[in-house]
Amino acid sequence: MQIENRIERQIESLLEHNIIRDRSYLDDEQLFRNEQFKVLKAIFYVNVRQKEIDGLSAHFAPIFRDDHPIHLSILGKTGTGKTVTILYFLNLIRNLCTKKNIPIRYIYLDLTTPKPCFRALNDLACFLDASKRYKKGISLDELMCRIESKIQTLQGYFILLIDEIDHVRRDMDSFLKFLVKRLPQRVNVRLVLIFTSNKLNWMEAIDPRVKSFLKINEMVFNPYNALDLKKILSLRIEKALHPGGIAEGVVEKIAAISSRTHGDARKAVELLSKSAQLAEKEGKVITVEIVDKALEEIEQDKYVAMIRASPKQLQAALFAIITGSKHSTKVLHTGDAYGRYRSFCDRIALRALTQRAFSDLVSELDMCGFVQARLRSHGRYGRTKEIAVHLSKELIKKLKQVVLMEFDLNPRWP
DNA sequence: TGTCCACAGGAAATACGGGGGT
DNA sequence: ACCCCCGTATTTCCTGTGGACA
């Protein structure tokens with residue numbers, strides 16, 4: 001009875017302090033492309049990315065003069081809106097062309113997750129309706145021929161947007177060779193390739209013979225500044241939150257933090273989202289203090305996510321180190337750490353690696369920022385790494401739980 | 001000054017596993 | 001179905017090293 005009352009009251013208070021109106025506007029993944037375009041339109045309307053849009057217009061203007069634009073390479077860090085801007089723009093162009101009766105078709109080839117040449121071409125073929133999805137059994141050449149003959153049936157302009165081109169593993173050269181050299185020679189459509197990458201120098205790695213063939217225009221998307229981010233965030237807030245759910249100066253703060261550290265719009269929205277969640281849980285409006293807390297929590301989540309995604313061995317190594325350095329409050333030497341690691345491995349029936357391999361694990365943990373390992377000599381008493389953990393108490397606790405869960409253990413171990 | 005500790009970390013060998021070719 | 005090849009993970013082997021101590 002009491003419990004029921006309490007739950008009821010809690011739900012009421014949550015509803016009363018409801019801050020989020022539509023969560024999907026805080027999470028890009030959940031937004032339909034149509035909605036995304038609407039949001040974007042609003043963003044471009046307030047002159048964010050104006051320069052880039054102008055650049056794109058200039059690049060594609062030849063289409064309307066019955067001319068052939070050269071290829072385009074778009075560079076810029078993650079979260080600078082490369083993909084979304086260009087997609088929006090292509091959509092516009094297509095509508096415009098339809099109005100003017102210019103045949104045009106564009107395809108978005110998403111390589112966000114790395115794949116080999118075969119997969120990438122297979123994806124392309126699928127979009128073109130030229131072939132089924134194969135895992136193997138069909139030669140690259142066959143695949144290329146099918147794509148060619150399909151494209152052969154098209155008229156006018158064919159725009160191929162390849163997102164994150166540098167994610168083509170292994171045989172990027174044959175992939176590019178096909179697109180840049182072979183394809184244009186064998187089809188009638190005017191092919192325009194658009195590459196996206198966050199590596200400024202991705203072109204340096206490609207075969208010079210292909211490269212010399214590749215007439216390309218480069219375009220750089222710079223990270224957003226605080227002003228742009230503020231505009232972007234304001235639009236999201238308008239859609240996603242109830243009015244009055246956010247305190248004075250919070251938008252400015254999020255924009256300032258984000259522009260200073262990365263200029264990534266996605267991360268800025270993420271910070272906003274986390275703040276809103278926290279505020280709702282505490283039944284308050286979003287304040288600058290809550291933003292700070294959200295920032296910290298996002299930071300912690302990164303560590304947790306990273307260790308979750310890591311191999312078991314690394315998890316075990318981390319566990320051995322964080323439990324080891326805790327009660328002695330001091331640094332841990334490699335030998336001791338390795339001993340702890342071994343006994344932990346025994347306990348969880350994991351095959352323990354050699355000390356040599358363990359040492360590499362420690363280096364990896366160091367690089368990821370879980371621990372600090374510095375080489376120190378104790379003279380006669382040997383040379384060893386001193387491993388220290390500089391993570392907050394809560395985070396250590398969280399990480400321990402995560403690792404133990406990964407190993408299916410109950411959270412009790414000395 | 002030489003010794004020697006307790007490892008670091010490079011190189012090569014080996015094990016493993018999956019995908020492609022036939 | 002089978003084999004081969006290649007990339008990656010791990011082991012084995014090895015040489016190198018800063019400085020306290022005698």
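Quick note on labels: first sequence line is chain A, next is B, and so on, each numbered from 1. Note: hydrogens, waters and symmetry copies are ignored here, and every other heavy atom, side chains too, is used. Please read all numbers here as calculations on a predicted model, not as lab measurements.
Separation of the A:Y106 and A:F127 ring centroids does not fall under the 6.0 Å cut-off.
A:F89 and A:F60 have tilted rings, their planes meeting at an angle from 30° to 60° on a 0 to 90° scale. Aromatic ring orientation, A:Y341 versus A:F358: tilted (interplanar angle from 30° to 60°).
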Worked verdict on A:Y108 versus A:L87 for side-chain contact (heavy atoms from CB on, under 4.5 Å): CA-CA 8 Å; A:Y108 169 52; A:L87 275 176; 4.1 Å; yes

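In this structure, CZ of A:F358 is placed 15 Å from C1' of C:dT10, rounded to the nearest angstrom. Atom P of nucleotide C:dC14 and atom CD of A:Q355 are separated by 17 Å, given to the nearest angstrom. The distance between atom CG of A:L361 and atom P of B:dG9, rounded to the nearest whole Å, is 14 Å. Note: CZ (A:R356) to C1' (B:dA6) measures 15 Å, nearest angstrom. Taking atom CG of residue A:N122 and atom P of nucleotide B:dG20, one finds them 11 Å apart after rounding to whole Å. Here the C1' atom of nucleotide B:dA6 and the CG atom of A:L332 are 15 Å apart, to the nearest Å. Atom CD in A:E386 sits roughly 12 Å away from atom P in B:dA8 (whole-Å rounding). In this structure, A:D366 atom CG and B:dA8 atom P are separated by 12 Å, rounded to whole Å.
Cation-pi geometry between A:R49 and A:Y224 is satisfied (NZ or CZ under 6.0 Å from the ring centre, within 45° of the ring normal). Seen from the ring of A:F221, A:K77 does not count as a face-on cation partner, given the 6.0 Å and 45° thresholds.
The side chain of A:K385 contributes an N or O atom lying less than 4.0 Å from OP1 or OP2 of B:dG9. Phosphate contact (OP1/OP2 of C:dT11, side-chain N/O of A:R351, threshold under 4.0 Å): present. At least one side-chain nitrogen or oxygen of A:T354 sits closer than 4.0 Å to the OP1 or OP2 atom of C:dT11.
Within residues 367-383 of chain A, the residues having any heavy atom closer than 4.0 Å to DNA chain C are, in order of number, A:S377, A:G379, A:R380, A:Y381, A:G382, A:R383.
Between A:R351 and A:C345, the closest side-chain pair of non-hydrogen atoms is not below 4.5 Å.
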